[in-house]
Student: 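Pasting a structure here, questions to come.
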Amino acid sequence: MAKPVRRLPVQKDWPTWAIVAVQVSILLTVVAGWEIGVRAGFINGFFWSQPTAIWKTTKIFFTEGDAWTDISFTFRSTIFGFLIGTTAGSLFGLSFWWSRNYAAVAQPYIICFESIPKLALAPLIILVFGLGLTSKVAIATALTLVVSTLTTYAGVKALDPDGEKLFYSLGATRWQVFRKLVVPFCLPWVISVLRVNIGLALTGAIVGEFIASQHGLGRQILYAGQTYDIALVWVAVFVLSTLAIIMYAAVSWLESLLRKGTRQ
Amino acid sequence: MPVKVQLEKVGMAFTTNAGVFRAVAPLDIKIETGRFVSLVGPSGCGKSTLFNVIAGLLQPTEGRVLIDGEDATGIIGRVGYMLQKDLLLPWRTVLDNVILGMEVQGMPLKQARERALPLLRKYGLAGFEYLYPNSLSGGMRQRAALLRTLLFDTDVILLDEPFGALDAQTKLQMQEWLMQLWSDFQKTVVFITHDVEEAIYLSDEIHVMGTRPGRVLETIPITLPRPRLRTTALTPGFIAIKEHCMDLLKSPALEEAA
Ligand SMILES: Nc1ncnc2c1ncn2[C@@H]1O[C@H](COP(=O)(O)OP(=O)(O)O)[C@@H](O)[C@H]1O
Ligand SMILES: [Mg+2]
């Protein structure tokens, strides 16, 4: 049988402007289709609202409501939770390097804590820490802490014992091995969870606000939903997404900065 | 010559899940000051284990290690030790890797770097000082690791198969380079290799080791004149030693086969 003649499949890349143009037209089509659909009666405007109404609500939201209070509340809960959880978790994970016995004792507790759906504890956390910012920070911390702990501990376990041998052969103290070997070695693991953690912290903050809060974008969404103000739900969701994107971008930037510093 | 390092009835048995595993039978080795001594033997005969014991990283099951006549069993930081892997820290530049020993000993960074820079340049790492290890070739990495060991400023250095993973050409260059370092720095060198020719070419004395359990089969002095040329390997004296070593190393395998 003759072999079929085949050529390497070639894919031509579009120029960037063409890609952007297509992306923008998809967005416009969806928004226009939504608006027209509601006006023509294909889409139920009561449940789905419509772009023009959302736009009007947006203006009201930013001019008349306490939009900035809410944004700042959610932002602060997320950032504090993220910072506390990530820092404490990373330190906790690193601490397991110091003693194998301590690590072995702690292990089952950590696994237990990992497997609890932390959000199920949220109502309890609210009861303990109150309605304010603290309880939201606590929930965000609970979610991020475990991830950082486990990931950093994975870094500690990946440490090559020969690396430690090298340091000890040079007469190093344990503290020197920790500072000059363990910490820099585990840094890529610490960094790798930053992006996951910012998302988790935001989730924690929002869920906290859903359960009981006086401020925050999560509370806005819940409140608007309960009063059938669907346009306001959309506005709050969009603002929240924007906030998430900004924080995500900031963390990605931080990550690339740290990665450059660690050469990995 | 005074004895620099002495192993007195040093033996090692590892306790594993499968039971007690005798890695090294109690053995005596004396290493004189300033000499280049090789340990040659099949893989698993306990060469690295002995190095770990000499470096104080492993407590021997029996016996003691004497350095300069003092008991140094279980004491770290007395000898320079280059492990089988180069273990360069990827987040440090070559220069900062090389000064690690001095840094750990508490020398200020600036001073350590000033001491290391001219040596890096003299010993073939010029232009690599501020690069990171991952951009270095295998030979360059070994140079950096070896300089790190030398700059730790101990009289004795232990080199565990430093050239084992290099290609033949690079290996020859590195041997010349090591000879130059050895004559410049006047250290006592203990060198592990499984390459008999390399051992004869470099050493003053070879301890040929056997396995199961690890022990010294024979200690062979190499009196070939220095400096040695590559062509030394073709002389009858060299070939005779090589054949003798090969026989020693081969015999257990033959017994097993028979
Ligand atoms: N920590 C350890 N526990 C159990 N067995 C070990 C340990 N370290 C080495 N061994 C065993 O001891 C023997 C000698 O090992 P090693 O000194 O690394 O040999 P070599 O360097 O000569 O190849 C090997 O059989 C190895 O499996
Ligand atoms: Mg070995």
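In what follows, every chain begins at residue 1, and chains take the letters A, B, ... in the order their sequences are listed.
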Student: Kindly check if the number of other-residue, nucleotide or ligand heavy atoms within 6.0 Å of CZ (A:Phe80) is above 12?
Tutor: no
Student: To the nearest 0.5 Å, tell me how far A:Tyr168 OH sits from B:Asn52 CG.
Tutor: 14.0 Å
Student: Listed by residue number, which members of residues 144-166 of chain A have a heavy atom under 4.5 Å from any heavy atom of chain B?
Tutor: A:Asp160, A:Asp162, A:Gly163, A:Lys165, A:Leu166
Student: With a 4.5 angstrom heavy-atom cut-off, is it the side chain or the backbone of B:Tyr81 that approaches chain A, or both, or neither?
Tutor: both
Student: Which side-chain N or O atoms in residues 97-104 of chain B pair as donor and acceptor under 3.5 Å with protein atoms at least two apart or in another chain?
Tutor:
| unit_1 | atom_1 | unit_2 | atom_2 | d |
| --- | --- | --- | --- | --- |
| B:Asn97 | OD1 | B:Leu89 | N | 2.7 |
| B:Asn97 | ND2 | B:Leu89 | O | 3.0 |
| B:Asn97 | ND2 | B:Arg92 | O | 3.0 |
| B:Asn97 | ND2 | B:Thr93 | O | 3.2 |
| B:Glu103 | OE1 | B:Arg92 | NH1 | 2.8 |
| B:Glu103 | OE1 | B:Arg92 | NH2 | 3.3 |
| B:Glu103 | OE2 | A:Lys180 | NZ | 2.5 |
| B:Glu103 | OE2 | B:Arg92 | NH2 | 2.9 |

Student: Sub-4.5 Å heavy-atom contacts with chain B: which residues of residues 169-176 of chain A show up?
Tutor: A:Ser169, A:Leu170, A:Gly171, A:Ala172, A:Gln176
Student: Please state whether the side chain, the backbone, both or neither of B:Leu57 comes within less than 4.5 Å of a heavy atom of chain A.
Tutor: side chain
Student: Taking B:Ile76, B:Ile75, B:Leu158 one by one, which has the highest count of heavy-atom pairs under 4.5 Å against chain A?
Tutor: B:Ile76
Student: Below 4.5 Å, heavy-atom pairs only: which of B:Thr154, B:Thr149, B:Leu83 has the largest tally toward chain A?
Tutor: B:Leu83
Student: Count the heavy atoms of every other residue, nucleotide or ligand shown that sit under 6.0 Å from OH of B:Tyr123, and state whether that count exceeds 12.
Tutor: yes
Student: Can you name the side-chain hydrogen bond (donor to acceptor under 3.5 Å, both in side chains) partners of B:Glu198, sequence neighbours left out?
Tutor: B:Gln175, B:Thr193
